[in-house]
Amino acid sequence: MADAELLLADGRRARIPAGQPILAALQALGEAPVETAVAAAWNGQTLDFMTPVPSDASLTLVPPDSPDGLRVLRHSAAHLMAAAVQALSPAAKFAIGPAIEDGFYYDMELPRPLTPEDLPIIEAKMRELAAQRLLYQRRELEMSEALAWAREHRQDYKIEILETIRQYGTSRPEGRAPGTQGVPESRESAEHRALNAEAEVEELAGEVQVGTSTVSFYQTGTFTDLCRGPHVPDTSWLTAFRLTHIAGAYWRGDERRPMLQRIYGTAFPTQEALDRHLFNLEEARRRDHRRLGRELDLFSVADEVGGGLILWHPKGGMIRTLIEDFWRDEHLANGYDLVYTPHVGRAKLWQVSGHLEFYQDLMYPRMEGDGNDYYVKPMNCPFHIMIYQSKVRSYRDLPLRFAELGTVYRFERAGVLHGLLRVRGFTQDDAHIFCTPEQMDEEITRAVRFSLFFLRTFGFKDYEVYVATRPEKFVGEPGDWEVATEALKRAAGRAGQAYEVDAGGGAFYGPKIDIKVKDALGRPWQCTTVQFDFNLPERFGLAFVGEDNRQHRPFMVHRALLGSIERFLGVLIEHYGGAFPAWLAPVQARVLPVADRHHAYAASVVARLQEEHLRGEVDDRNEKIGFKIREAEVQKIPYILVVGDRETAAGTVSVRLRGGQDRGVMPLADFVHTLATENKPQAV
RNA sequence: GCUGGCGUAGCUCAGCAGGUAGAGCAGCUGAUUUGUAAUCAGCCGGUCGGGGGUUCGAUUCCCUCCGCCAGCUCCA
């Protein structure tokens with residue numbers, strides 16, 4: 001047999017004989033695979049180390065900390081966990097257990113519900129099994145044998161998976177449901193779909209090749225699982241793992257099917273990497289906007305008011321005001337008209353818009369008065385359309401850009417509410433652009449650029465941009481879709497952004513571009529969405545009079561840049577960890593008098609700040625200076641001004657920055673100047 | 001909405017075999033007049049999420065509702 005070529009981790013190339021396991025070949029070369037690689041790659045395929053070296057192949061190594069390497073580790077860890085669960089609970093029925101971003105999970109049906117106390121027990125069993133160096137032994141079975149195995153072991157879910165593979169080849173058919181129009185408050189829906197589909201492909205695929213009917217199994221000790229692989233050679237390769245939490249999950253993500261128990265865990269190549277990850281999780285908890293919202297007295301939610309309905313406290317209200325003032329200024333400077341619309345509208349409006357037909361589940365229930373039915377608005381668009389329709393529009397009027405910080409209400413299911421990030425009442429920084437087909441291209445480009453300008457100003461440097469294209473069910477002309485989709489792609493390109501195409505991920509009424517920002521911890525959050533709408537102009541019969549004196553249908557674009565102000569603030573709180581830059585800090589400077597006799601001077605310092613429209617306050621409590629400093633630090637106030645005898649006498653302040661840096665003593669006027677300079681939005 | 005977990009003072013929690021509740025922080029009062037991340041003392045504060053049941057007796061056991069949390073589903 002012909003040799004294969006292997007590219008080693010250090011860049012050297014080696015010839016290895018075909019036929020023997022890849023691992024053996026590596027060991028013969030004196031390589032230490034655990035540290036440098038966990039699998040091999042050939043032709044874009046990841047191969048187990050136990051796979052025989054293919055002849056005439058050119059192999060590379062898959063490092064343990066690469067995306068593919070981590071997948072191998074985590075998928076193997078998922079099997080190890082399942083093996084541990086099976087050892088502890090032999091009646092367990094296993095569903096799927098894929099590697100996911102940051103870890104893995106396994107869904108299973110167990111005789112009794114798991115509790116958090118079970119996790120350390122399962123983890124201990126995993127360590128015990130890992131120490132036994134159990135092999136991950138692969139074998140191929142005919143479909144009929146595989147089914148016989150699954151039936152014999154009463155693995156009902158595996159039976160179903162095998163049946164699916166037999167029927168469809170690998171994955172389940174994937175469909176998208178139509179809905180209605182408007183600016184969504186959406187978050188990662190495409191991602192979830194993709195994740196689920198991917199997870200299932202990963203697990204389902206006993207890798208049925210066209211024209212064959214075998215599926216692969218992996219056996220680890222006494223645990224056998226239908227699985228495509230690849231895996232590490234044996235359990236001793238898994239050194240750093242941790243089970244993190246448990247949750248319910250519907251079988252195949254279908255709420256009509258049984259709820260399984262899901263155990264989440266994660267695995268890393270090294271203990272240090274695992275520790276770092278766990279530390280990051282801890283950091284994320286420290287930055288949780290719900291926690292910071294209470295600690296910094298920004299907002300609250302009250303049972304008496306209702307879930308998902310936010311009460312903004314003075315400090316949170318201050319931040320919000322600053323954001324909204326900035327937003328309004330910039331919109332006026334960028335050719336938008338500000339409009340205001342009501343919170344409720346008559347049923348007829350929502351019939352015409354189609355919301356009552358497609359969106360009613362998410363609307364607050366009907367209100368009745370004066371013989372008419374009214375609904376609280378879940379979207380602003382119908383109102384903006386009514387403004388458009390308040391008179392005859394000429395091509396000379398276009399483009400029209402109606403912008404509103406419009407508060408909408410959506411009756412989200414109770415279980416989805418989450419702090420500020422998923423609420424029932426929220427304020428969209430909404431705008432609707434009505435333009436001619438010729439203007440559309442430039443309008444989209446402007447909107448995308450405008451959005452990036454906002455995001456940068458609020459400190460976000462990294463984005464993910466998605467262009468979502470026409471789904472199977474759609475309204476409008478395919479030609480219009482084509483033109484609009486191209487405009488979106490061009491706009492992304494012109495803004496200097498790399499983007500991904502979410503094929504078929506558009507709304508039924510038009511294609512869209514979504515921008516997600518990445519926060520300080522690299523987590524993505526959907527904010528901006530720019531969507532074409534080929535539905536509402538039709539439903540409302542929108543028109544403008546063209547140069548030819550004939551009626552034409554305008555293009556309509558929905559766009560929200562920050563998304564929802566509530567969500568954006570939630571993201572912002574976590575992004576800054578509550579330590580807002582000076583221009584956004586609700587309190588920019590806290591003045592700390594050393595003793596009672598300095599109170600008058602401290603008050604005069606605050607008064608001076610207020611004259612300059614800067615935000616200061618005095619801590620005149622009867623406490624020692626160390627205590628007051630600690631409190632100001634905990635409140636994450638950017639500037640701490642200590643004033644004692646010396647400062648009072650000289651008209652100065654002793655400036656301490658948030659975090660402890662000492663700026664020394666300076667004349668009050670100098671400090672005012674410094675802070676005033678900083679008190680402006682600045683793009684990063 | 002579904003599965004699981006959890007609801008004890010404003011916050012963080014203890015109270016782990018049923019005998020009507022404790023701590024720290026916060027708040028209030030007093031002493032102290034303080035120089036860069038917690039001064040000391042006293043006091044106030046809870047019908048133990050709501051309702052029902054078992055029991056001589058329930059924060060503790062059971063049922064039910066409400067809310068929160070982790071996920072799932074959803075998020076046009």
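Labels below follow one simple rule: chain letters A, B, ... track the order of the sequence lines, proteins then strands, and each chain is numbered from 1.
One can find a donor-acceptor pair under 3.5 Å joining the base of B/C75 and the side-chain atoms of A/Arg422. Evaluation of atom-type donor-acceptor distances gives no pair under 3.5 Å for the side chain of A/Arg658 against the base of B/A37. Judged by atom type and distance alone, A/Asp662 does not reach the base of B/U36 through any side-chain donor-acceptor pair under 3.5 Å.
The side chain of A/Arg294 lies closest to B/C11 when the candidates are B/U73, B/C11, B/U36. Taking the side chain of A/Glu412 as heavy atoms from C-beta on, and the options B/U33, B/G71, B/C75, the nearest nucleotide is B/C75. When the nucleotides B/U36, B/A26, B/A70 are ranked by their closest atom to the side chain of A/His245, B/A70 comes out on top. Nearest nucleotide to the A/Phe627 side chain, out of B/G71, B/A26, B/A37: B/A26. Of all nucleotides listed (B/A76, B/A37, B/G71), B/A37 comes nearest to the side chain of A/Val634. For A/Asp645, the side-chain atoms get nearest to B/G35 when compared with the rest of B/A76, B/A70, B/G35.
Looking at heavy-atom distances under 4.0 Å, A/Ile629 makes contact with a base. Within the nucleic acid shown, A/Gly415 comes within 4.0 Å of at least one base atom, counting heavy atoms only. Residue contacts shown for A/Glu623 include a base, since a base heavy atom lies under 4.0 Å away. Among the heavy atoms of the strands lying under 4.0 Å from A/Asp596 is at least one base atom, whether or not backbone atoms are also near. Across all strands shown, A/Arg424 has no heavy atoms under 4.0 Å from either base or sugar-phosphate atoms. Using a 4.0 Å heavy-atom distance criterion, A/Arg597 is classed as a sugar-phosphate-only contact. Across all strands, A/Leu114 comes closer than 4.0 Å only to sugar-phosphate atoms, never to a base (heavy-atom distances). Among the protein residues, A/Glu647 comes within range of the nucleic acid bases, having at least one heavy atom under 4.0 Å from a base atom. When heavy atoms are screened at a 4.0 angstrom cut-off, A/Tyr250 is found touching base atoms of the nucleic acid.
Contact annotation: A/Arg290 reaches the phosphate of B/C69 (side-chain N/O to OP1 or OP2, under 4.0 Å). A close approach under 4.0 Å does occur between a side-chain nitrogen or oxygen of A/His418 and OP1 or OP2 of B/A70. Considering only side-chain N and O atoms, A/Arg567 lies nowhere under 4.0 angstrom from the phosphate OP1 or OP2 of B/C75.
Of the nucleotides present, B/A70 is the one that pairs with B/U3 by Watson-Crick or G-U wobble criteria, both distances under 3.5 Å. Both distances falling under 3.5 Å, in either a Watson-Crick or a G-U wobble arrangement, occur for no nucleotide opposite B/U55. Shown here, B/G46 forms no base pair; nothing in the strands shown gives a Watson-Crick or G-U wobble contact with both key distances under 3.5 Å. Pair check for B/U20 finds none; no Watson-Crick or G-U wobble contact set falls under 3.5 Å. With both pairing distances under 3.5 Å, B/A31 is matched to B/U39 as a Watson-Crick or G-U wobble pair. The partner of B/A26 cannot be assigned: no Watson-Crick or G-U wobble pair with both contacts below 3.5 Å exists in any strand.
Between A/Trp251 and A/Tyr157, the ring planes are perpendicular. Angles over 60° get that label, and only those under 30° would be called parallel. Ring pair A/Tyr409/A/His343 is tilted by interplanar angle, where 30° to 60° counts as tilted.
Nearer to the 5' terminus of RNA chain B, by closest-nucleotide assignment, is the contact made by A/Ala414 (compared with the other of A/Ala414 and A/Arg646).
Side-chain contact annotation: A/His289 with A/Glu574, donor-acceptor N/O pair under 3.5 Å present. Counted by atom type alone, A/His558 and A/Asp533 present one or more donor-acceptor pairs between their side chains at under 3.5 Å.
Formation of a donor-acceptor pair under 3.5 Å by the A/Glu633 side chain with backbone atoms of A/Gly659 is found in this model.
A/Phe383 and A/Trp350 have their aromatic ring centers within a separation under 6.0 angstrom.
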